[in-house]
Amino acid sequence: MDADINFYFDPVCPFAWMTSKWVRQVQAQRDYTVDWRFISLRLINADVDYAAHFPPEYEAGHTAGLRLLRVAARARAEHGRELMAGLYAAFGAHIFDAAPNPVNQRTEGEVRERRGTREFVEPILAEAGLPLALAEALDDESWDRAIRQETDEALSLTGRDVGTPIIHFEPPAGVAFFGPVISRLPDEDSAAELWDHVVGLARFPGFAELKRSLREQPQLAALGVDGDTVGQQEDWHGGSRRQKK
């Protein structure tokens, strides 16, 4: 698929979801085409000691993301890549745009692990008008090959010391970068302006990185941060809130 933007996402990454919502704003204003592609945090961290590098619930969350990507890979193979926009939107809405249930007694780890189950994914498939049988891919590791191929493709464009999302501007010749990581969704009037600034910087041939490890919690209902609240600022190291020693 020839697209103006290739957007590599892991469905369980809140920052990828926030950036994707902004990209959809710009897409609507500029009539861009977007190819929604896969990148797996679980595969990126396949050789990482999760207990040493991440908060305790991360391994379950990243594994759930890989399981959801298997479903997405099968859906794409059997029903066409055009449906990826809607399926990712459905994943993100269910994971991030719904406030936590106050009567739900699940731990954070249990919440994240549940995202990789049939109980979670089947209603999303039904909502997207897709066969529930696609949920059988959750446990089918044969789809990992395609997911790993696109993960490697994304990392070949940026280098390996990155996370999600990765955006490839004007592929195949255009530049690709990790991020931008944003915690607040711009309003409609400033969305395209922000996009132009990012693309202008990215197009400069010598530009490599602009970064800080301080991040606000994204303004997402699932994290308890609404659109009128500034999320608590945290210091991230190598894509994790856990402080390295």
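Since the structure is predicted, the reported quantities are computational estimates derived from the model, not experimental observations.
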Side chain of Asp4, backbone of Thr33: donor and acceptor closer than 3.5 Å?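 Flag set: sc Asp4 to bb Thr33 pair under 3.5 Å.
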Checking the side chain of Asp187 only, and the main-chain atoms of Ser190 only, is there a donor and an acceptor separated by less than 3.5 Å?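 Yes, Asp187 side chain to Ser190 backbone: donor-acceptor pair under 3.5 Å.
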Answer yes if the side chains of Glu216 and Gln232 hold a donor-acceptor pair under 3.5 Å, and no otherwise.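 Distance-only check fails for Glu216 and Gln232.
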Would you say the rings of [Y] and [X] are close, in the sense that their centroids are separated by under 6.0 Å?
| X | Y | result |
| --- | --- | --- |
| Phe177 | Phe207 | yes |
| His62 | Tyr50 | yes |
| Trp143 | Phe38 | no |

Does the ring of Trp36 carry Arg24 above it, NZ/CZ under 6.0 angstrom from centre and within 45° of its axis?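 Yes, cation above the ring, under 6.0 Å and within 45°.
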Establish, for the pair Arg215 and Phe15, whether the NZ or CZ atom is under 6.0 angstrom from the six-membered ring centre and no further than 45 degrees off its axis.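 Geometry flag: set, cation within 6.0 Å and 45°.
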State the [atom1]-[atom2] distance between [X] and [Y], to the nearest 0.5 angstrom.
| X | Y | atom1 | atom2 | value |
| --- | --- | --- | --- | --- |
| Asp140 | Arg70 | CG | CZ | 7.5 Å |
| Ile147 | Arg42 | CD1 | CZ | 13.0 Å |
| Gln233 | Ser183 | CD | OG | 9.0 Å |
| Asp10 | Leu68 | CG | CG | 8.5 Å |

Side chains of Glu110 and Arg114: closer than 4.5 Å at any heavy-atom pair?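 With C-beta onward as the side chain, the pair stays apart.
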Side-chain touch Thr164/Leu41, heavy atoms, less than 4.5 angstrom: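 They are in side-chain contact.
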Any side chain to side chain donor-acceptor pair (under 3.5 Å) involving residues 123-139? Give me the pairs, sequence neighbours left out, ordered by first then second residue.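 Matches after skipping sequence neighbours: Arg67-Asp139, His94-Glu127.
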Provide the full list of side chain to side chain donor-acceptor pair (under 3.5 Å) pairs with a residue in residues 168-177, sequence neighbours left out, each pair given once.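 As it turns out, the side chain to side chain donor-acceptor pair (under 3.5 Å) pairs with a partner in residues 168-177, which skip direct neighbours, are Glu170-Arg203.
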Does the plane of the ring in Trp17 sit parallel, tilted or perpendicular to the ring in Tyr88? Use 30° and 60° as the thresholds.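 Judged by the thresholds at 30° and 60°, the geometry between Trp17 and Tyr88 is perpendicular.
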